[in-house]
Amino acid sequence: MEIKSAKFLISNTDVAKCPSIEMPEYAFIGRSNVGKSSLINMLCNTKGLAKTSATPGKTELINHFEINEKWYLVDLPGYGFARKSKTTLEGFGKLIQSYFLKRDMLTCTFVLIDSRLPPQKIDIDFIRWLGSNGIPFVIAFTKIDKQSNSKTTSNIEIFKNELLKEWEELPICFVTSAEKKIGREEILDYIKEINLGLKK
Ligand code: GTP
Ligand code: MG
């Protein structure tokens, strides 16, 4: 899919104030610093659209971007950042929880997982929480440019095996690098297919 326009709409602390015009919505979530904002910029081919930082905790609000005047990308704050939240389930933060529980037009969630790390409890807990609340999601492994392909492959395998301990089926998984623009076509095509399906 071609990105013809990517426009910042609004930042919010209140889910009730998120855009009310109904369009398919895709949210990006994951631990602080995993690369959510960077991946959004890469998908949109626009540096600086979503604010990024080497310091965790950069994104603090719910940020809506309107793409091709037809669908939304949403950049969310990260979870698991010690200064703002505890590492327990409640550590996902009230804002994140209320977004996922109340945002009816959420079409699909991209859960970002750092491809360099062994499975992190908070990610597994968050994925379980999405599942138990019936929220549709896929996974995007990030930052694969930072290590060898074989390391990426083996880490992804370990993560999938961890998921299979409690899930019967694996979610759709994307492998990405914002730095090297890897995974862009795959993710945009996936979104395009869903958008087409919703029109029928
Ligand atoms: P918060 O908003 O703080 O939750 O973080 P975030 O998940 O939005 O991460 P962000 O996109 O701000 O990126 C965090 C850091 O990782 C930045 O220094 C990015 O440049 C870097 N980064 C993100 N994606 C990649 C990638 O694919 N490759 C490399 N090498 N660095 C990346
Ligand atoms: Mg961010």
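Counting starts at 1 for both ligands and their atoms, in listed order. Predicted model only: the values in this text are computed from it and were never measured. In this chain, residues are counted from 1 in sequence order.
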(request) Could you tell me whether some N/O pair between L39 and ligand 1 is separated by less than 3.5 angstrom? (result) no
(message) So, regarding T176 and ligand 1 (criterion: nitrogen or oxygen to nitrogen or oxygen, under 3.5 Å), is there a contact or not?
(response) no
(request) Decide whether an N or O pair under 3.5 Å exists between T52 and ligand 1. (result) no
(request) Before accepting this row, confirm whether a basic side-chain N of the pair E179/K143 lies closer than 4.0 Å to the acidic partner's carboxylate O. (result) no
(message) What protein heavy atom lies closest to atom 9 (O) of ligand 1? Include the residue and the distance to one decimal.
(response) G35 N, 3.2 Å
(request) Would you kindly say whether D125 and Y79 are connected by a side-chain donor-acceptor distance under 3.5 Å? (result) no
(message) Need one value: angle at the Mg ion (ligand 2), S37 atom OG versus T59 atom OG1, rounded to 10 degrees.
(response) 90°
(message) Suppose we measure from atom 18 (O) of ligand 1 to each protein heavy atom; which comes out shortest, and what is that distance?
(response) A54 CA, 3.3 Å
(message) Could you identify the single nearest non-hydrogen protein atom to atom 7 (O) of ligand 1 and state the distance to 0.1 Å?
(response) K36 NZ, 2.7 Å
(message) Checking a contact table here: which protein heavy atom is nearest atom 5 (O) of ligand 1, and how many Å away?
(response) N33 N, 3.0 Å
(request) Flag L76 as yes when one of its N or O atoms lies below 3.5 Å from any N or O atom of ligand 1, and as no otherwise. (result) no
(message) Applying a heavy-atom cut-off of 4.0 Å, say which part of S38 lies close to ligand 1: side chain, backbone, both or neither.
(response) both
(message) Please list the nearest protein heavy atom to atom 26 (C) of ligand 1 with its residue and the distance rounded to 0.1 Å.
(response) D145 OD1, 3.5 Å
(request) Please round to the nearest 0.5 Å and tell me the distance separating atom CG of L112 and atom OG1 of T176. (result) 6.0 Å
(request) State if T142 counts as touching ligand 1 under the rule of any non-hydrogen atom under 4.0 Å. (result) no
(request) Decide, counting backbone as well as side-chain atoms, whether T52 has an N, O or S atom less than 2.8 Å from the Mg ion (ligand 2). (result) no
(message) Does only the side chain of S53 get under 4.0 Å from ligand 1, or the backbone, or both, or neither? Count heavy atoms.
(response) backbone
(message) One residue to check: K58. Relative to ligand 1, which of side chain, backbone, both or neither has a non-hydrogen atom less than 4.0 Å away?
(response) both
(message) If I apply the N/O under 3.5 Å rule, does I144 come out as touching ligand 1?
(response) no
(message) I'd like to know: is the Mg ion (ligand 2) within the 2.8 Å range of an N/O/S atom from S32, strictly under that distance?
(response) no
